[in-house]
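Notes follow the structure.
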There are 2 protein chains.
Amino acid sequence: MLARVSSTPTFRRLPRAVREQQMLDAAVKVFSRRGYHGASMDEIADDAGISKPMVYAYLGTKEELFVACLHREGTRMMQAIADVVAPDLSADERLWRSLQAFLGFVGAHRDGWAVLYRQARGEQPFAGELTALRRRIVEVVAGMLEHTLRSEGREVTETDLEVVAYALVGATESVADWLVDHPEADPEQTATRMMNVAWVGAAQLLAGISWRPPARRGEASS
Amino acid sequence: MLARVSSTPTFRRLPRAVREQQMLDAAVKVFSRRGYHGASMDEIADDAGISKPMVYAYLGTKEELFVACLHREGTRMMQAIADVVAPDLSADERLWRSLQAFLGFVGAHRDGWAVLYRQARGEQPFAGELTALRRRIVEVVAGMLEHTLRSEGREVTETDLEVVAYALVGATESVADWLVDHPEADPEQTATRMMNVAWVGAAQLLAGISWRPPARRGEASS
DNA sequence: GCGTAACCCTACGCACGAGTAGGTATGCTC
DNA sequence: GAGCATACCTACTCGTGCGTAGGGTTACGC
């Protein structure tokens, strides 16, 4: 009955693929702002300019929707890195480009990625989904280190490698968080700073220089 | 009317201070297992062997309860570190002892601390509480680095210091997460591995060795 | 031994938000 | 321009879980 006085002349009726992206955009935005539990499906639907049953019809339950967000953003991020890293580059060049790409991506998607990522860490249902992504990253980093080490004829245990990789990844995530909280900061410069910590340290390790705990009283300093 | 066939002969009626600790113990346990939202006040009360209104009477709302948990565990952790770090130690000794204490603490409180910490990062209401704690840690680390740098007559910007400190803290947290997920791992050995990454890198920085981005095509390598 | 304060309970109100039932309009095909 | 699939809506149900009302019981001072 009521004439629609919308700015868009005819009541838009969009194809599924388009609406799905709009919904995901809205979902990422709302999840970021409110957190997983704080976000309501009503608000997401509203923000996407659509009604709730549509969201259920296209993307499923709230949990599935969140996983879909995680998936899309995660894939985009991995892609952003893959786009700039060629396998024939030197180790430090690869690390440098990855950091640049990663922090650049986070800087450009402050609302999207980082907060989504922060969200997912706590929530049980997504821990799996998330650690899978994280594991892929850790493996890439560990592989990189290992390859370089092996090529220099040095031996390391699996565990050593894993811990170092975790440290590197954690450091980068932490810096990414810092970046999100400092909108004025430049991603590229931040990447340089990060590289200073990561590579300078890693290079030492690769060179075989390591730190040993000081001998305690009564212990022989073998 | 019903005779209480409890194992404890007389129906225990404990002083407030004791009950509060029991409640906090239960809360930490349940929050850790289920996450903030997943945990119900009923379950916490039940686990503490008390009824819900008691929890409200003593510790307040769910949010306040969680903050109380965060506070207690956070203080304990800071204390564990403060106990082993003397200000007259050398920088690397301080860092080493802090790492040992921190990872030792996390190792001993796998259920308690780390999961609680993971929880808090996502949830809006506690982001403040948490970043305050985190900031204190970052400041300590940054202060440590700055002091050492200054004592060698070198200058650094506030921001450089902050980013490096964030990276260090993030790396450590990440390794702590790894530790929680690997019950068989030895905290002490993990601390050594962590020290290898952190200190070897930091020592280079302190010595003035830094990494510079490679000049790109068309750019002058000033 | 009696008042009073602290400890402790059962049982509910109530809001909020996930998910759905059932129906309407619009474009597309032939 | 009839038929059909698909986009889309309003208006509900219903579970869950926070927080509380109101009342019972034990210790402790005097």
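Order of the sequence lines fixes the chain letters, A, B, ..., with proteins taken first and strands second; residue numbering starts at 1 for each chain.
Within residues 16-28 of chain B, the residues approached by DNA chain C to less than 4.0 Å at the level of any non-hydrogen atom are B:Arg16, B:Arg19, in residue-number order.
The main-chain N or O of A:Gly170 is never found under 3.5 Å from a side-chain atom of A:Ser174 such that the two would form a donor-acceptor pair.
What separates CD1 of A:Ile50 from P of D:dT10 is a distance of 11 Å, to the nearest Å. When the P atom of D:dT26 is taken as reference, atom CG of B:Leu14 falls 14 Å away, rounded to whole Å. Note: CG (B:Leu65) to C1' (D:dG19) measures 13 Å, nearest angstrom. What separates CG of A:Asp46 from C1' of D:dT10 is a distance of 14 Å, to the nearest Å.
For the side-chain contact (heavy atoms from CB on, under 4.5 Å) test, residues two or more places apart in sequence or in another chain that qualify with A:Glu73 are A:Val28, A:Arg76, A:His109, A:Trp113, A:Leu116. Scanning for side-chain contact (heavy atoms from CB on, under 4.5 Å) contacts around B:Arg16 gives B:Glu20, B:Tyr58, with sequence neighbours left out. In this structure A:Pro53 satisfies the side-chain contact (heavy atoms from CB on, under 4.5 Å) test together with A:Ser51, sequence neighbours excluded. For A:Met78, the side-chain contact (heavy atoms from CB on, under 4.5 Å) partners are A:Leu133, A:Arg136, A:Ile137, not counting sequence neighbours.
Atom CG of residue A:Leu130 and atom CG of residue A:Leu70 lie 5.5 Å apart, to the nearest 0.5 angstrom.
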Nucleotide by nucleotide, nucleotides 15-22 of chain C touches protein heavy atoms under 4.0 Å in the pattern (B base, S sugar-phosphate only, - none) ---BBBB-
Margin query: I'd like to know whether A:Asp25 forms a side chain to side chain donor-acceptor pair (under 3.5 Å) with A:Gln21, so could you lay out the CA-CA distance, the side-chain angles of the two residues, the decisive distance to 0.1 Å, and finally the verdict.
Written below: CA-CA 6 Å; A:Asp25 291 340; A:Gln21 291 309 310; over 6 Å; no
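If you check distances only, the side chain of B:Arg13 does reach the base of C:dC7 with a donor-acceptor pair under 3.5 Å.
Seen from the ring of B:Tyr56, B:Lys62 does not count as a face-on cation partner, given the 6.0 Å and 45° thresholds.
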